[in-house]
Amino acid sequence: MKCVILAAIAAAAAALLPAAVVAGQCGSQTCPKDAPCCVRGFCNANAMYCMDINCEPQNSFSPQSCWGTPHCAESSVDFGGHRAFANIADYHGDPAAAAFVSQFEPSNARIIGDEMQLELVKQPDGKGFGATVINTRAFQYGTVTTVMRSGCVGAGVVSSFIIRSDKVGDEIDFEFVGADPATVQSNYYWHNQLDYTKMIKSPPLTDTTKNFHTYQIQWTPDQIVWLVDGAAFRTVKRSETWDSASGTFRYPDSEAYISYSIWDGGAGAKGTSDWAGGATRWEQGPFIAAVKSVDISCFYKGNETSYTPPGGSASNDKASQSDEEKSQSSSSADASSGSDDSMSSDGGGSDTDSEPGEASADDELSEVVDASGAALSRAAHSALGAALLAILAN
């Protein structure tokens, strides 16, 4: 299904992009020097094209056009501090300048007071346009702890806190839906093989749209543990993911990126919309997710000694951290023990019913931006977003 959606996205982008807006196209030919980075047929010079998460070296101006991968560094990000967040146009490849970058343009993510806020905004066609922000460092095993509040105050809205590799398709997530503000859902995927039947809900929580809770993912080569407010409610062991037919452990193990998002599940296909609580009821808004902080503890301590930003000089990890990061201690990477949970059939539905996107539809929305959004004017991008939602709805 994902390949079908991407093909439709490319067609929609080609139809919508005026020549003056597109910096260049790639595929049969490489990108030009002034727009050197290629992503799914389009060329540009900004972060969403040149970051390693998206950039295609073989189709870019040169393999070196794609920015390198800044690997995990112990950090504590306070979103009330500086160097925590940047918009696409303001990020130039140095993780010391911003811990997180918006993946959408126009951006519905912003810093307000001591929070990073992500808003779902109603478009003229009645559908929502949300926000996704992504960590500027890759992450492979470790502990991520975040303090956040869901934006799902009404039916149809989905918020998420995710560790995902777009290139490989591995994912570990927390997702919130407007249909159930009293719990958070957990799931994981391997190589884009989406199985929503593995979703398991947390125990009841105080309203996740009104209260900040602490959500934690402990990810090691051997197991994944999901915790809320310090209490583990789910453990998945790698040994339990063995698939004898393929001779493979279907366990997320690829280097990935931490991200947050909010999106319009109510505008999706029936399985997605039902899971999210039905059509989005805009009168119940505003729909704003808020993140106060995130602590990142790397499993492989000291796995990066230096990183050279594009056009810059090498600096060590300490120099790459913000003032807030230097002053705070890192979170522990010790995995909590927990009993294995049985599979749940609540919420996610069957593969066929939830095929159009379900718990990972935010990734599909992000893919539109990856492919063309950063190269578009505000009007053209809104049109492309609407086109994607129409694709998902059908």
Side-chain angles (χ1 to χ4, degrees), residues 51-53 68-78 95-96 99-100 133-148 160-174 186-191 198 214-242 248-260 291 293-307 315-322 324-341:
M51 286 178 69
D52 172 69
I53 186 174
T69 303
H71 299 288
C72 186
E74 301 286 312
S75 60
S76 294
V77 181
D78 175 1
F100 284 82
V133 298
I134 186 168
N135 193 210
T136 54
R137 286 185 176 274
F139 178 77
Q140 185 179 30
Y141 304 131
T143 297
V144 186
T145 307
T146 192
V147 178
M148 67 176 292
S160 64
F161 159 43
I162 287 177
I163 301 171
R164 177 170 171 82
S165 166
D166 277 339
K167 287 188 174 180
V168 176
D170 287 353
E171 178 175 318
I172 305 166
D173 65 42
F174 276 109
S186 68
N187 213 335
Y188 70 98
Y189 308 113
W190 177 81
H191 288 206
K198 294 186 304 194
T214 300
Y215 303 92
Q216 185 178 87
I217 295 172
Q218 298 177 353
W219 178 31
T220 74
D222 299 316
Q223 67 177 18
I224 307 165
V225 184
W226 288 258
L227 305 90
V228 180
D229 296 331
F233 71 91
R234 182 181 189 182
T235 299
V236 170
K237 296 184 181 297
R238 179 177 182 271
S239 60
E240 299 168 343
T241 67
W242 175 255
T248 305
F249 288 101
R250 297 178 178 244
Y251 181 83
D253 58 8
S254 56
E255 193 168 44
Y257 286 83
I258 300 160
S259 68
Y260 300 90
V291 186
S293 65
V294 58
D295 295 306
I296 301 170
S297 181
C298 314
F299 182 81
Y300 298 115
K301 307 295 183 182
N303 70 332
E304 176 173 325
T305 56
S306 66
Y307 172 70
S315 61
N316 62 31
D317 284 341
K318 293 296 182 182
S320 297
Q321 297 179 21
S322 69
E324 291 76 26
E325 291 169 344
K326 293 176 184 178
S327 65
Q328 298 183 41
S329 60
S330 62
S331 57
S332 170
D334 294 333
S336 294
S337 60
S339 61
D340 299 337
D341 294 290

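Because only heavy atoms are used, hydrogens play no part in the values below, and waters and symmetry mates are left out as well, while side chains stay in.
By the side-chain hydrogen bond (donor to acceptor under 3.5 Å, both in side chains) test, Thr241 pairs with no residue at all, sequence neighbours left out. Partners of Asp52 under the salt bridge (Lys or Arg N to Asp or Glu O under 4.0 Å) rule, at least two apart in sequence or in another chain, are Lys167. Residues satisfying the side-chain hydrogen bond (donor to acceptor under 3.5 Å, both in side chains) criterion with Asn135, sequence neighbours excluded, are absent altogether. In this structure Tyr215 satisfies the ring pair (Phe, Tyr, Trp, His ring centres under 6.0 Å) test together with Phe174, Phe176, sequence neighbours excluded. Listed by chain and residue number, Thr220 satisfy the side chain to side chain contact (heavy atoms under 4.5 Å, CB included) test with Asp222 (two or more places apart in sequence, or in another chain). Scanning for side chain to side chain contact (heavy atoms under 4.5 Å, CB included) contacts around Ser293 gives Val147, with sequence neighbours left out. Applying the side chain to side chain contact (heavy atoms under 4.5 Å, CB included) rule to Ser186 yields the partners Ile200, Trp226, Phe233, Arg234; only residues at least two apart in sequence or on another chain are considered. Residues satisfying the side-chain hydrogen bond (donor to acceptor under 3.5 Å, both in side chains) test with Thr214, not counting sequence neighbours, are none.
Looking at Arg164 and Asp173, their side chains never come closer than 4.5 Å, going by heavy atoms from C-beta outward. Annotation: side chain of His191 is in contact with side chain of Val168 (closest heavy-atom distance under 4.5 Å). Val291 is not listed as a side-chain neighbour of Phe100, based on a closest heavy-atom distance of 4.5 Å or more. Residues Arg137 and Cys72 form no side-chain contact, since every pair of their non-hydrogen atoms from C-beta on lies 4.5 Å or further apart.
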Problem set entry | Audit row: Gln140, Phe299, side-chain contact (heavy atoms from CB on, under 4.5 Å) steps and yes/no | CA-CA 7 Å; Gln140 185 179 30; Phe299 182 81; over 6 Å; no
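When all heavy atoms are compared, the tightest approach of Ser297 to Glu74 is OG-OE1, 3.4 Å. Taking each heavy atom of Met51 and Thr136 in turn, the nearest pair found is CE-CA, 4.3 Å. In terms of heavy-atom proximity, Asp170 sits nearest to Pro252 at OD2-CA, 3.5 Å. Closest approach of Tyr251 to Pro221, counting heavy atoms only: CE2-O, 3.7 Å. When all heavy atoms of Ser254 and Ser165 are compared, the pair lying nearest together is OG-CB, 3.4 Å. Taking every heavy atom of both residues into account, Trp219 and Asp253 meet most closely at CZ2-CA, 4.0 Å.
Gln218 CD to Gln223 CD: the interatomic distance, rounded to the nearest 0.5 Å, is 8.0 Å. With rounding to the nearest 0.5 Å, the separation of CD1 in Ile217 from CZ in Phe139 is 8.5 Å. To the nearest 0.5 Å, atoms OG (Ser259) and CG (Asp166) are separated by 8.0 Å.
Between Phe161 and Tyr260, the angle of the ring planes stays under 30°, which puts this pair in the parallel group of the 30/60° scheme.
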